[in-house]
Amino acid sequence: MTTEPRSFFSHTAAISPLPTQSYASEASPALMVRGLGKQYVTPKRRLTVFDGIDLDVQPGELVCLLGPSGCGKSSLLLTIAGLQSADRGDVWVEGQAIRSPHPSIGLMFQEAALLPWLTVQQNIAVGLQLRHMPRLSRPALRSRIDQALLSVGLQDFRYSYPHQLSGGMAQRVAIARTIARQPRLLLMDEPFSALDAITRLEMQQLLLNIIAQQHCAVLLVTHDIDEALLLSDRILLMGRNPGHIYQSWRVTAAQPRLRHTQDLMTLRAEILAALSDVMAEPAAMTV
Amino acid sequence: MTTEPRSFFSHTAAISPLPTQSYASEASPALMVRGLGKQYVTPKRRLTVFDGIDLDVQPGELVCLLGPSGCGKSSLLLTIAGLQSADRGDVWVEGQAIRSPHPSIGLMFQEAALLPWLTVQQNIAVGLQLRHMPRLSRPALRSRIDQALLSVGLQDFRYSYPHQLSGGMAQRVAIARTIARQPRLLLMDEPFSALDAITRLEMQQLLLNIIAQQHCAVLLVTHDIDEALLLSDRILLMGRNPGHIYQSWRVTAAQPRLRHTQDLMTLRAEILAALSDVMAEPAAMTV
Amino acid sequence: MPDSLTRPSQQRLRLAIPLPLWGVLASVLLWWLATTPVLHSSLVLHDFSPERAFAATLQLLTSGAIAPHIWASLRRVFVGLATATILGIPLGLLVGLSRPIEQSTSVLFQFVRMISPLSWMPIAVMAFGIGDMPVYFLLTIAAIWPLMLSTAAGVAAVDRRWLLLSRSLCATRGETVRKIIVPAIAPHILTGLRLAIGIIWIVLVPAEMLGVRAGLGYYILDTRDRLAYSELVAVILIIGLIGYLLDTGFRAASRAWHHEG
Amino acid sequence: MPDSLTRPSQQRLRLAIPLPLWGVLASVLLWWLATTPVLHSSLVLHDFSPERAFAATLQLLTSGAIAPHIWASLRRVFVGLATATILGIPLGLLVGLSRPIEQSTSVLFQFVRMISPLSWMPIAVMAFGIGDMPVYFLLTIAAIWPLMLSTAAGVAAVDRRWLLLSRSLCATRGETVRKIIVPAIAPHILTGLRLAIGIIWIVLVPAEMLGVRAGLGYYILDTRDRLAYSELVAVILIIGLIGYLLDTGFRAASRAWHHEG
Amino acid sequence: NSQPTASVGTTAGGQPNTSGGLDQPVKIGYLPILDASPLLIAHAQKLYEAEGLAAEQPVLFRSWAAIVEAFLARQVNVVHLLSPVTVWLRYGRQLPGKIVAWNHTDGSALTVQPEINQVEDLGGQTVAVPFWYSIHNVVLQQLLTQAGLTVVRKAENETIAPNEVNLVVLPPPEMVSALANKSIAGYIVAEPFNAAGETSKAGKVLRFTGDVWRNHACCVVFLHEDDITQRPQWTQGVVNAIVKSQHWMRDHRSEAAQILAKENGSYTPHPEAVLQKVLTGFDSAAYAKQGAIQHPEWAAQRIDFQPFPFPSYTEELVRLLQQTQVEGETAFLKQLNPTEVARDLVDDSFVKQALQQVGGPQAFGIPESLLREETFKAQRSLSFLG
Ligand SMILES: Nc1ncnc2c1ncn2[C@@H]1O[C@H](COP(=O)(O)OP(=O)(O)OP(=O)(O)O)[C@@H](O)[C@H]1O
Ligand SMILES: Nc1ncnc2c1ncn2[C@@H]1O[C@H](COP(=O)(O)OP(=O)(O)OP(=O)(O)O)[C@@H](O)[C@H]1O
Ligand SMILES: [Mg+2]
Ligand SMILES: [Mg+2]
């Protein structure tokens with residue numbers, strides 16, 4: 001393991017209204033979120049799950065979202081994806097304001113959400129055969145599915161049904177389903193949480209390759225600080241009650257980062273400390 | 001971070017028929033598995049998911065099971081728990097041969113498997129109000145549930161329904177449901193996979209406390225080598241096609257292990273290397 | 001777009017007249033256009049018109065002439081439904097849970113459930129005479145199948161993970177059924193009940209041929225015999241109203257189970 | 001213990017006589033005991049006994065006398081079921097998917113579905129004359145409700161994650177319905193079909209009162225009119241057999257959807 | 001080919017009929033009972049065609065309500081109806097139709113449990129009738145009142161006093177089962193259900209209605225009034241055919257039974273044996289012995305055929321109906337004047353003409369004057385009782 005100079009990360013101030021404005025400024029950002037807030041209203045109570053969220057993701061950038069369990073990461077992702085309406089604030093994808101799902105967004109849920117009556121390859125095909133997608137010829141479709149299956153290492157399981165898969169295999173099918181659509185903006189909710197160390201590294205590499213090839217933007221929720229350190233261009237730490245961006249870091253170390261694990265340790269410690277602080281914040285604000 | 005002598009782990013030979021016979025020999029082991037094998041037969045194919053599995057877990061011991069995605073860890077756990085029949089081999093729990101679920105086993109599935117029509121506290125209560133459980137008075141029941149909720153940090157969510165929980169919260173409810181039954185043998189399938197770093201540490205500490213207090217045995221499936229290093233007395237690495245115990249390590253470092261992370265690094269590297277080897281093994285043996 | 005898909009949490013703009021009323025008003029209008037004496041010359045047709053039907057309904061209700069019939073029928077509906085529930089749900093559970101039981105009974109059940117109540121009639125009269133008993137029998141035998149089939153279909157659709165969970169908790173058979181399966185299939189049972197009540201009303205009319213002296217089905221047959229078509233429609237309206245109220249009750253119960261809101 | 005719970009993967013010991021036959025044999029025995037001339041003196045009762053019923057069935061089948069009736073009824077069952085399916089499933093989808101549609105139609109539907117085919121008869125004759133048309137009408141209007149209700153219940157029970165998935169893939173309404181909802185509720189639709197076919201056979205008998213010249217329902221009424229109870233039971237057996245075969249077909253289709261096996 | 005129309009209005013197309021309406025096909029609606037036989041035999045013998053009419057296959061119905069509904073919807077235009085129903089239709093419901101001929105006479109009986117030997121034994125029991133507006137109900141209630149019993153219509157759980165008889169309506173096929181099950185003490189209905197009750201040994205005939213009301217009509221031929229006024233030739237053709245068919249049947253009872261039987265055609269579902277028993281196998285001596293016939297001197301048949309609608313019968317019917325309990329609105333009955341009804345409800349001009357074609361009234365053994373006195377005797381008139 002080689003060592004490199006210490007200056008590979010820059011530290012931006014926490015809870016800034018416009019966290020990171022001007023680093024790749026010519027094109028409009030792949031994702032721009034401003035002042036986003038959301039409440040869950042149940043008969044028993046009203047929970048502000050997050051509020052005042054500002055964030056940007058540039059094309060070709062991978063941003064990781066960390067935060068304590070239940071702070072609102074999944075809710076934020078669903079709201080950005082247009083699957084649930086925000087109570088305030090706006091979301092722009094490639095300069096376009098959106099309130100409902102957009103075809104160039106690829107969302108991966110925290111659960112695999114496979115359709116149990118379809119085989120693995122049919123589950124992947126479903127996302128490719130919708131009207132808004134460019135029509136694919138049979139062989140083109142076939143080769144897209146083959147490629148997606150190959151990249152997640154499940155070519156032998158194309159005819160299996162979801163209940164015949166292990167937890168990690170189901171998660172990989174969900175990855176394949178998402179990337180096969182070649183989205184411009186990937187929103188991923190703990191995509192590698194069920195994978196062993198090696199497979200996880202393979203999948204992480206796959207993701208980096210896809211970003212490099214297709215210059216797409218990725219917002220990735222994870223609970224694994226090491227994963228964030230290995231993958232991201234920026235790391236956002238979310239606080240809770242209600243969810244907000246507590247702090248953010250830019251990670252500038254070159255890939256492959258596994259070479260630089262020692263160097264990232266300081267940042268790791270810093271993030272862990274911030275996470276502890278976040279979890280010690282006073283609770284409530286449940287209106 | 002303090003450093004300690006290097007001799008904190010012993011290395012036992014791989015693929016031994018009786019992996020670890022005689023280290024705490026007076027009482028019968030909490031779990032003893034011999035020659036266990038299982039096939040899945042589907043109309044399309046017949047898959048030997050694991051075969052020739054031998055393992056023991058002593059009371060008060062925590063054994064971690066690592067292995068590549070899809071190698072058969074979850075299947076092995078379900079088979080040991082008596083939820084699916086083995087095709088060959090035997091399982092003894094506290095000296096008693098079992099083929100069907102046993103009340104002193106606590107199983108935690110890879111998915112949270114909460115009952116959607118019950119609140120969090122009712123989900124926990126279900127496991128406590130069964131006929132084979134000692135009858136609890138109302139206040140005793142209440143206090144058990146309270147304690148379990150408190151230990152997973154969800155006391156504010158006792159009246160929430162499962163669909164109102166985040167992924168990590170659901171997983172913690174599943175933990176609470178399992179530990180509230182005070183099992184003698186805990187079988188846990190990736191119990192902390194959806195938790196952020198801090199919450200995960202808290203839950204891991206909780207598990208260690210329970211083992212210390214109740215002297216129960218734990219077999220824990222994880223894909224996180226660091227987790228295995230932090231928690232386990234022994235680590236088993238499973239190979240695939242069909243699943244088998246490829247190698248095992250004893251970890252003797254004292255708790256709290258976070259103090260010894262540096263020292264565990266060598267073992268970590270060794271395990272990672274073994275995992276790579278396992279994943280490079282020739283596939284097939286699909287009869 | 002189906003509203004529940006696109007905007008799960010958004011409130012709809014309220015129309016001045018609530019939606020259910022619109023549907024009813026529209027259909028009454030169509031009905032009126034098809035039958036009114038204003039537009040049609042057929043004397044028989046006029047009897048079916050809403051103006052006469054409503055007048056007859058009002059008359060039946062205010063004079064109280066219909067009350068004993070309503071009570072008689074409600075009693076029969078209740079007894080029939082209760083018996084069918086008590087038999088049908090356990091049967092559905094058994095058939096859904098056990099392949100041997102399913103296999104050994106399915107031929108028989110599939111046979112029996114295809115038999116029209118009208119063909120049972122001679123047998124019902126032979127076995128139970130005339131009066132309430134054969135009516136109870138016919139209603140029960142007609143209502144049992146939707147309950148049984150819905151229950152069995154529900155059992156088949158229970159998430160296998162919940163059953164695994166229950167087994168891993170070492171729940172006994174009874175506990176699994178009571179604590180997992182029955183709550184899990186509650187929506188299916190409610191659908192079964194809703195269908196059963198529909199079938200019961202359908203069968204009530206022929207069943208009340210069997211020598212009873214009161215009941216809405218009896219009254220319908222009577223109005224047909226007397227060609228009192230406006231009264232016939234009035235009784236239909238009353239049956240519809242009662243059925244609707246019962247159904248609303250069931251659906252309210254059903255909503256109580258769907259916390260997902 | 002319900003077998004499917006305890007031993008999901010274990011093969012059952014096969015009895016020499018397959019289980020379905022046991023159930024049938026046992027019930028035939030009970031039937032025989034209740035009606036046989038050997039034990040009973042009532043002449044009317046004897047006509048219901050299995051020995052006579054089987055003789056009559058054989059006679060009906062071998063003489064071919066029943067064939068035109070079978071075809072006539074099968075045609076009506078088919079037309080009624082097809083119409084009910086074509087109307088009922090889309091209606092169920094609409095009602096299940098859209099709250100406004102559900103609200104504006106539910107009162108009406110709950111009213112209409114409580115109306116017995118026997119009360120529709122005067123209206124059916126007025127509107128469709130006599131012959132096949134009113135029969136189709138009565139069968140359709142009876143069979144549409146189980147299909148509609150089961151479909152709507154199925155839509156309500158669709159896993160919300162699949163709908164979220166579909167929306168996240170930007171599927172259109174039509175695509176969501178075709179690719180997610182319809183496959184997801186296939187078991188519900190099949191239950192609906194099974195119930196519908198049961199109701200259709202139930203209603204066939206009164207429906208074939210309406211001036212038709214052939215049909216199993218017509219034949220049943222015929223046997224009742226001439227008190228030929230052994231033939232009545234024979235026709236019931238034939239209806240049961242046909243119903244059973246249809247039902248078996250549906251269940252085979254249903255199993256094709258349950259890959260979980 | 002039957003047009004679904006729902007108008008009870010005037011002639012289709014509204015043109016006055018130069019042809020006397022012969023273009024309209026004869027569409028018969030009937031129930032599977034012997035009462036229908038004149039209409040069916042006329043069809044089988046192609047008698048309508050002989051009159052220059054087109055006749056469609058007769059349509060079988062299963063209940064009086066259904067046949068009336070089809071008649072009102074103009075799905076059928078020649079039907080046989082219970083004579084009290086026609087009164088109810090024309091005066092209770094203001095539906096324009098008329099009786100043009102009688103269909104048959106007698107043909108009904110009161111069948112009871114074997115242990116019941118006289119009408120008085122029915123006290124405290126339940127008896128089934130097929131229809132409120134039926135001649136059976138009228139005759140039964142007369143029999144009961146004259147035996148000193150009170151007719152009641154009670155709910156199931158009410159008790160019936162020993163001097164009361166409870167009436168229920170049952171579909172005829174269920175009457176036999178109910179009698180076998182002993183849940184009713186007896187029933188009064190048209191043939192062949194009495195014959196069936198006897199055959200199954202569930203009961204015996206207590207009285208034939210023809211032995212109570214001599215040569216009474218049970219069913220009548222009923223046509224739309226506008227057919228009568230606007231298609232007189234068509235109506236005449238229909239009545240001619242029916243009268244000829246009745247005339248033929250008087251001498252060919254056995255052949256008629258053959259034609260109507262299920263074995264030989266598709267008119268009724270009844271086996272020939274049952275029909276033969278009703279039409280030909282009447283052993284009046286045996287029945288006299290068991291008390292079912294108390295007026296052997298009337299020489300009544302079990303069922304007989306005679307077309308002329310005597311006005312005296314109609315008047316008597318209206319008078320008796322006014323004393324009979326029926327379900328529903330009955331106020332209109334009180335207003336009826338028997339003589340007027342006999343004149344208004346019945347149009348006997350067609351029958352009179354038709355009778356000439358078969359050799360006059362004597363061909364049916366009825367008086368040349370076409371007048372008669374009604375004989376209604378519930379009890380044996382003389383001291384036979386001993
Ligand atoms: N019900 C089943 N029918 C057929 N095959 C199955 C079934 N369940 C699991 N398998 C197969 O068995 C193998 C092992 O699955 P298992 O879930 O035990 O893996 P695992 O080690 O838990 O993996 P992961 O870490 O991804 O959860 C996989 O190849 C899977 O496809
Ligand atoms: N549908 C809902 N109704 C009500 N409350 C909800 C709903 N979904 C989520 N919540 C609540 O919102 C909060 C945030 O949930 P969310 O799933 O966004 O957390 P998360 O950050 O993804 O956590 P995790 O890392 O554990 O997955 C939690 O307190 C949860 O209880
Ligand atoms: Mg989450
Ligand atoms: Mg697993």
Side-chain angles (χ1 to χ4, degrees), chain A residues 40 42 44-45 47 49 66-75 109-112 119 152-154 156-157 159-161 164-172 189-190 192-203 221-226 238 268 271-272 275-276 278-280 283-284 286, chain B residues 40 42 44-45 47 49 66-75 109-112 119 152-154 156-157 159-161 164-172 189-190 192-203 221-226 238 268 271-272 275-276 278-280 283-284 286:
Chain A
Y40 285 123
T42 57
K44 295 235 179 61
R45 60 178 171 177
L47 180 79
V49 61
L66 284 174
S69 173
C71 72
K73 304 181 292 295
S74 300
S75 304
F109 296 93
Q110 192 166 5
E111 291 170 314
T119 60
V152 298
L154 289 177
D156 292 347
F157 290 86
Y159 301 116
S160 296
Y161 285 96
Q164 299 169 334
L165 301 178
S166 77
M169 287 154 75
Q171 202 167 41
R172 283 182 280 159
D189 201 350
E190 310 202 359
F192 312 128
S193 65
L195 302 178
D196 64 278
I198 305 277
T199 314
R200 173 186 285 241
L201 281 177
E202 288 170 5
M203 292 299 112
V221 171
T222 181
H223 53 262
D224 184 338
I225 301 177
D226 296 323
M238 232 174 129
R268 188 181 199 285
I271 293 175
L272 211 52
L275 184 60
S276 305
V278 155
M279 295 187 70
T286 318
Chain B
Y40 285 123
T42 58
K44 295 233 181 60
R45 58 176 172 181
L47 181 77
V49 61
L66 284 173
S69 171
C71 71
K73 305 180 294 292
S74 300
S75 303
F109 295 92
Q110 192 166 5
E111 291 170 314
T119 61
V152 298
L154 289 177
D156 292 348
F157 290 87
Y159 300 116
S160 296
Y161 285 97
Q164 298 168 334
L165 300 178
S166 78
M169 287 155 75
Q171 202 167 41
R172 284 182 278 158
D189 199 350
E190 311 202 358
F192 312 128
S193 65
L195 303 178
D196 64 277
I198 306 278
T199 314
R200 173 186 285 242
L201 281 176
E202 288 169 6
M203 291 301 112
V221 170
T222 180
H223 53 264
D224 185 338
I225 300 176
D226 295 323
M238 231 174 132
R268 187 180 200 286
I271 293 175
L272 209 53
L275 184 59
S276 306
V278 154
M279 294 187 70
T286 318

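To find a chain, count down the sequence lines: A is the first, B the second, and so on, and within it residues start at 1.
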Sort out for me which of [options] touches chain A most, counting heavy-atom pairs under 4.5 Å.
options                       : value
B:S75, B:G70, B:G168, B:P68   : B:P68
B:L165, B:L66, B:T199, B:I271 : B:T199
B:S276, B:G153, B:A194, B:G72 : B:A194

Rounded to the nearest 0.5 Å, what's the gap from [atom1] on [X] to [atom2] on [Y]? Could you check?
X      : Y      : atom1 : atom2 : value
B:Y159 : A:T42  : OH    : OG1   : 14.0 Å
A:M279 : B:E202 : CE    : CD    : 5.0 Å
B:D189 : A:S166 : CG    : OG    : 9.5 Å
B:S74  : A:M169 : OG    : CE    : 11.0 Å
A:K73  : B:D196 : NZ    : CG    : 6.0 Å
B:S193 : A:D224 : OG    : CG    : 11.5 Å

### Task
Could you tell me which portion of B:F157 (side chain, backbone, both or neither) has an atom closer than 4.5 angstrom to a non-hydrogen atom of chain A?
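B:F157 touches chain A through backbone and side-chain heavy atoms alike.
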
### Task
Quick one: which of A:R172, A:R200, A:Q171 has the most heavy-atom pairs under 4.5 Å with chain B, could you say?
A:R172

#### Entry: Most chain B-contacting option - heavy-atom pairs closer than 4.5 Å, from A:L272, A:D226, A:L195
A:L195

### Region of A:I198 in contact with chain B, defined by heavy-atom distances below 4.5 Å
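A:I198 touches chain B through backbone and side-chain heavy atoms alike.
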
### Message
Using heavy-atom distances under 4.5 Å, tell me whether A:T222 contacts chain B through its side chain, its backbone, both, or neither.
### Response
neither

